[in-house]
Engineer: 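Below you'll find the structure I mean.
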Amino acid sequence: GAGVSQSPSNKVTEKGKDVELRCDPISGHTALYWYRQSLGQGLEFLIYFQGNSAPDKSGLPSDRFSAERTGGSVSTLTIQRTQQEDSAVYLCASRQTGVKNIQYFGAGTRLSVL
Amino acid sequence: AQSVAQPEDQVNVAEGNPLTVKCTYSVSGNPYLFWYVQYPNRGLQFLLKYITGDNLVKGSYGFEAEFNKSQTSFHLKKPSALVSDSALYFCAVRERSSASKIIFGSGTRLSIRP
């Protein structure tokens with residue numbers, strides 16, 4: 001596609017439910033990032049995939065959070081047993097290999113946990 | 001571990017005046033540095049980057065930034081602010097390693113008054 005696509009754009013769920021957020025990166029981009037942005041706040045790094053290397057999961061806030069990237073393309077961020085503090089905008093970005101290449105961001109998924 | 005600091009939560013400037021949004025960083029070795037802008041309900045958009053070479057980097061919409069190694073800073077500047085520049089601005093840093101993640105600052109809200 002032309003850009004990074006995230007779905008759904010909005011998700012409302014009840015506390016304790018599991019949610020899956022999807023990211024379709026730009027075709028050919030080997031690096032994929034997930035960030036969390038709480039209301040009016042900065043971007044909190046969650047996880048980073050680079051090609052076939054083991055992902056950098058150092059930013060995941062708890063074991064309720066996990067992410068996969070299948071076939072080096074689409075990624076899914078899963079949050080189990082959601083809590084109200086998980087409410088935020090979840091942003092995905094992709095980047096082509098090469099030190100000069102920049103990240104391109106999707107519009108994000110706004111998650112609201114009631 | 002790399003980190004980024006944006007010491008000002010908000011910067012207020014009158015239209016036509018120069019603006020500066022501050023950013024300092026901490027990273028092992030020489031960094032890659034970036035500025036992104038976020039408009040309401042939108043993903044992040046790339047403004048400019050420092051990779052190597054000239055310390056003064058020019059980017060989109062008339063913005064520029066100066067890499068200062070001794071002060072570990074990468075402040076964003078514009079000679080004459082426009083009301084349309086009002087947005088949330090993020091500084092980001094990446095270590096010079098192919099496997100390193102990109103870390104963002106907490107963001108600075110720029111408000112330009114007519």
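Residue numbers start from 1 in every chain, and the chains themselves are labelled A, B, ... in the order their sequence lines are given, proteins ahead of strands.
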Engineer: Are Y25(B) and L56(B) connected in the hydrophobic side-chain network, where two residues link if heavy atoms are under 4.5 Å apart?
Structural biologist: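 In one cluster with Y25(B): L56(B), no.
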Engineer: Please say yes or no: joined through hydrophobic side-chain contacts below 4.5 Å, possibly via intermediate residues, are L110(B) and F74(B) part of one cluster?
Structural biologist: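 Linked within one cluster.
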Engineer: Is Q6(A) close to chain B through its backbone or its side chain, or both, or neither, when contacts mean heavy atoms under 4.5 Å?
Structural biologist: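 No part of it gets close to chain B.
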Engineer: Does atom CD (E14(A)) have a neighbourhood of more than 12 heavy atoms from anything else shown, all under 6.0 Å?
Structural biologist: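 No, the 6.0 Å shell around CD holds no more than 12 heavy atoms from other groups.
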Engineer: Given that the side chain runs from C-beta out, which part of L43(A) has a heavy atom under 4.5 Å from chain B: side chain, backbone, both or neither?
Structural biologist: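 Contact with chain B: backbone and side chain both.
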Engineer: Looking at Y48(A), does the NZ or CZ of K101(B) lie under 6.0 angstrom from its six-membered ring centre and within 45 degrees of the ring axis?
Structural biologist: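 Ring-cation test returns no.
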Engineer: Say whether Y39(B) and L44(B) are linked into one hydrophobic cluster, either directly or through other cluster members, by side-chain heavy-atom distances under 4.5 angstrom.
Structural biologist: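 Y39(B) and L44(B): one cluster.
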Engineer: If only atom types and distance count, is the side chain of Y35(A) paired as donor or acceptor with the main-chain N or O of F104(B) below 3.5 Å?
Structural biologist: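 No: the side chain of Y35(A) does not pair with the backbone of F104(B).
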Engineer: When only heavy atoms count and the cut-off is under 4.5 Å, which of residues 75-84 of chain A reach chain B?
Structural biologist: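 So far as heavy atoms go, nothing in residues 75-84 of chain A approaches chain B to under 4.5 Å.
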Engineer: Could you tell me which residues in residues 104-114 of chain A have at least one non-hydrogen atom under 4.5 Å from a non-hydrogen atom of chain B, sorted by residue number?
Structural biologist: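 Answer by number: F105(A), G106(A), A107(A), R110(A).
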Engineer: Heavy-atom cut-off 4.5 Å, strictly under: side chain, backbone, both or neither for S9(A) against chain B?
Structural biologist: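 For S9(A), no heavy atom lies under 4.5 Å from chain B.
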Engineer: Give a yes or no on whether L60(A) and I102(B) share a hydrophobic cluster (residues Ile, Leu, Val, Met, Phe, Trp, Tyr; joining criterion: side-chain heavy atoms under 4.5 Å apart).
Structural biologist: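 No, because L60(A) and I102(B) fall into different hydrophobic clusters, even though each may have its own neighbours under 4.5 Å.
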Engineer: For the residue pair R95(A) and R94(B), establish whether any side-chain heavy-atom pair is separated by less than 4.5 Å.
Structural biologist: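 Side chain of R95(A) against side chain of R94(B), heavy atoms only: contact under 4.5 Å found.
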Engineer: Do L88(B) and Q37(A) come within less than 4.5 Å of each other through their side chains, counting heavy atoms only?
Structural biologist: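 Side-chain contact under 4.5 Å: yes.
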Engineer: Is there a continuous path of hydrophobic side-chain contacts, each under 4.5 Å between heavy atoms, that joins F90(B) to Y61(B)?
Structural biologist: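 Result: yes, single cluster for both.
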Engineer: With a 4.5 angstrom heavy-atom cut-off, could you sort out which part of Q45(B) is near chain A: side chain, backbone, both or neither?
Structural biologist: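 When you check distances to chain A, no heavy atom of Q45(B) falls under 4.5 Å.
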